[in-house]
Amino acid sequence: VKNDSVEVYFQPIYSNGCRKIRSAEALARLYDPELGFIPPDEFIPKAEQNGSIMQLGRQVFEKTCRFIRDNDLDSLGIDYIEINLSPVQCLQERLADELLDAARKYGISMDRVNLEITETSTMDSDVTGNNMKKLVENGASFSLDDYGTGFSNLINILNLPLGIVKIDKSIVWSYFNDSRDILPHVIRMFRSQKLEILAEGVETEQMANELAAMGCDYEQGFYFSKPVPPAEFIRYVKKVNAG
Ligand code: C2E
Ligand code: CA
Ligand code: CA
């Protein structure tokens, strides 16, 4: 983190309404010359414990700002990039100001940014809520990540300025693999609250089609693309959105 060596990969997000790639999620990657790529599931929890998550998060945010500045998102058909926020970041009172400063430094508009928070972040609604309010006032939008894996209070969730709910892959997979049918109910519930739905972990064409029929607005998963480096992401979007 100190060497500024956190890389950012992008995973495309497909819109069923437009039948195009409309956004992407920025995902942190750490490469070690001896160990190779270290998975974020290993280094993010460590960074949250030792406090370096603040610097790591800022690095991912700034590198994503640079990507947004250096590419013509409109001509690619991309509206915004989703960036993950750790609950540790959301609890910092200065978070919103820091992100706004960084966006200003790169000259990008906050409406190019969608921030993903998890259910854990919704539990302290005061600090997180103030940060969200300030960021939304400045044009950013929010997604709730990994829905179905946490212990959040549904009313807290519905009181936050969220635009999209990302249904965790465990709920998506349990529908297709174990015929557990909570997924359609979850989708209906959030749609009735005027939230958009994104299904994670879409791995096959059959899943993609059924999820679209069930009313998912967006889909993300290996069926479309794995997270890839920026240049590869641009090539992929040009190919898919041209057809
Ligand atoms: P996440 O936010 O749920 O990100 C999605 C993860 O699911 C990514 O793993 C992605 O590669 C994986 N994935 C996407 N589609 C599929 C699929 O169809 N099948 C399967 N099997 N997996 C799929 P990744 O990149 O290893 O990231 C793991 C987690 O690390 C992320 O989960 C997120 O919680 C955390 N993370 C990654 N980058 C950042 C970051 O910049 N900041 C923070 N705070 N957390 C991050
Ligand atoms: Ca995420
Ligand atoms: Ca997720």
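Order of appearance sets the numbers: ligands from 1, and atoms from 1 within every ligand. Values below: every heavy atom of this structure, side chains too, minus hydrogens, waters and symmetry copies.
At least one heavy atom of Trp173 sits less than 4.0 Å from an atom of ligand 1. Contact annotation: Lys169 has at least one heavy atom less than 4.0 Å from an atom of ligand 1. The closest approach between any non-hydrogen atom of Arg29 and ligand 1 is below 4.0 Å. The closest approach between any non-hydrogen atom of Pro227 and ligand 1 is below 4.0 Å. Remark: distances from the non-hydrogen atoms of Gly57 to ligand 1 are all 4.0 Å or more.
Cation-pi geometry between Lys46 and Phe43 is not met at under 6.0 angstrom from the ring centre and within 45 degrees of the axis.
Using cut-offs of 30° and 60° for the angle between ring planes, the Phe37 and Tyr31 rings count as perpendicular.
Atom NZ of Lys20 has more than 12 heavy atoms from other residues, nucleotides or ligands within 6.0 Å. Annotation for Arg69: atom CZ counts as buried by contact number, over 12 foreign heavy atoms lying within 6.0 Å.
Here the two rings, on Phe10 and Tyr236, have centers that are 6.0 Å apart or farther.
Considering backbone and side-chain atoms alike, Gln220 places every N or O at 3.5 Å or more from each N or O of ligand 1. For ligand 1, the polar-atom distance check against Ala28 finds a nitrogen or oxygen pair separated by under 3.5 Å. Among the atoms of Ile53, none of the N or O lies under 3.5 angstrom from an N or O of ligand 1. Polar contact check, Glu25 against ligand 1: a nitrogen or oxygen pair lies under 3.5 Å apart.
One hydrophobic cluster, built from ILVMFWY side chains closer than 4.5 Å, cannot hold both Tyr80 and Leu99; they sit in different ones.
The shortest side-chain heavy-atom distance between Val228 and Arg235 does not fall under the 4.5 Å cut-off. With a 4.5 Å cut-off on side-chain heavy atoms, Ile68 and Ile78 do not count as touching.
Scanning all heavy atoms of the two residues, the minimum distance from Leu115 to Ala140 falls at CD1-CB, 4.4 Å. Between Ile53 and Ser86, the shortest heavy-atom distance links the atoms CG1-CB, 3.7 Å.
Shortest contact from atom 15 (N) of ligand 1 to any protein heavy atom: Gln11 NE2, 3.1 Å. Considering only non-hydrogen protein atoms, atom 31 (C) of ligand 1 sits nearest to Leu27 CD2, 4.2 Å. Considering only non-hydrogen protein atoms, atom 24 (P) of ligand 1 sits nearest to Pro40 CG, 3.6 Å. For atom 44 (N) of ligand 1, the closest non-hydrogen atom of the protein is Ser86 N, 3.5 Å. Of the protein's non-hydrogen atoms, Ile44 CD1, 3.8 Å is the one closest to atom 39 (C) of ligand 1. Asp146 OD2, 4.7 Å is the protein heavy atom nearest to atom 34 (O) of ligand 1. Among protein heavy atoms, atom 18 (O) of ligand 1 sits closest to Phe222 N, 2.8 Å.
With waters neither drawn nor counted, the protein N/O/S atoms under 3.0 Å from the Ca ion (ligand 2) amount to 4.
Here CZ of Arg58 is found 10.0 Å from CG of Asp101. Values are rounded to the nearest 0.5 Å. The distance from atom OH of Tyr14 to atom CG of Asn241, rounded to the nearest 0.5 Å, is 9.0 Å. The line from CD of Gln193 to CD1 of Ile157 is 11.0 Å long, rounded to the nearest 0.5 Å. To the nearest 0.5 Å, the span separating SG on Cys216 from CZ on Arg191 amounts to 8.5 Å. Distance check: Leu198 CG to Ser15 OG gives 10.0 Å after rounding to the nearest 0.5 Å. We find the CD1-CD1 distance between Ile197 and Ile164 to be 9.5 Å, quoted to the nearest 0.5 Å.
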- Task: Go through the steps to decide whether Asp79 and Ser23 satisfy the test side-chain hydrogen bond (donor to acceptor under 3.5 Å, both in side chains), and finish with yes or no.
- Result: CA-CA 6 Å; Asp79 295 332; Ser23 56; over 6 Å; no
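Set against the non-hydrogen atoms of Asp41, the atoms of ligand 1 under 4.0 Å away are 28 (C), 29 (C), 30 (O). Ligand-side atoms of ligand 1 in range of Val60: 41 (O), range being under 4.0 angstrom from any heavy atom. Ligand 1 places these atoms under 4.0 Å from at least one heavy atom of Glu203: 17 (C), 18 (O), 19 (N), 20 (C), 21 (N). For ligand 1, the atoms lying closer than 4.0 Å to a non-hydrogen atom of Gly201 are 17 (C), 18 (O).
With a 4.0 Å cut-off on non-hydrogen atoms, Val8 does not touch ligand 1 at all. Under 4.0 Å from ligand 1, heavy atoms of Asn84 appear from its side chain as well as its backbone.
The nearest protein heavy atom to atom 46 (C) of ligand 1 is closer than 4.0 Å. In this structure, atom 41 (O) of ligand 1 has protein heavy atoms in its sub-4.0 angstrom surroundings. Distance screen at 4.0 Å: atom 9 (O) of ligand 1 has no protein heavy-atom neighbour inside the cut-off.
In summary, of the residues considered (Glu219, Arg22, Met214), a side-chain contact (heavy atoms from CB on, under 4.5 Å) with Asn16 occurs for Glu219 alone.
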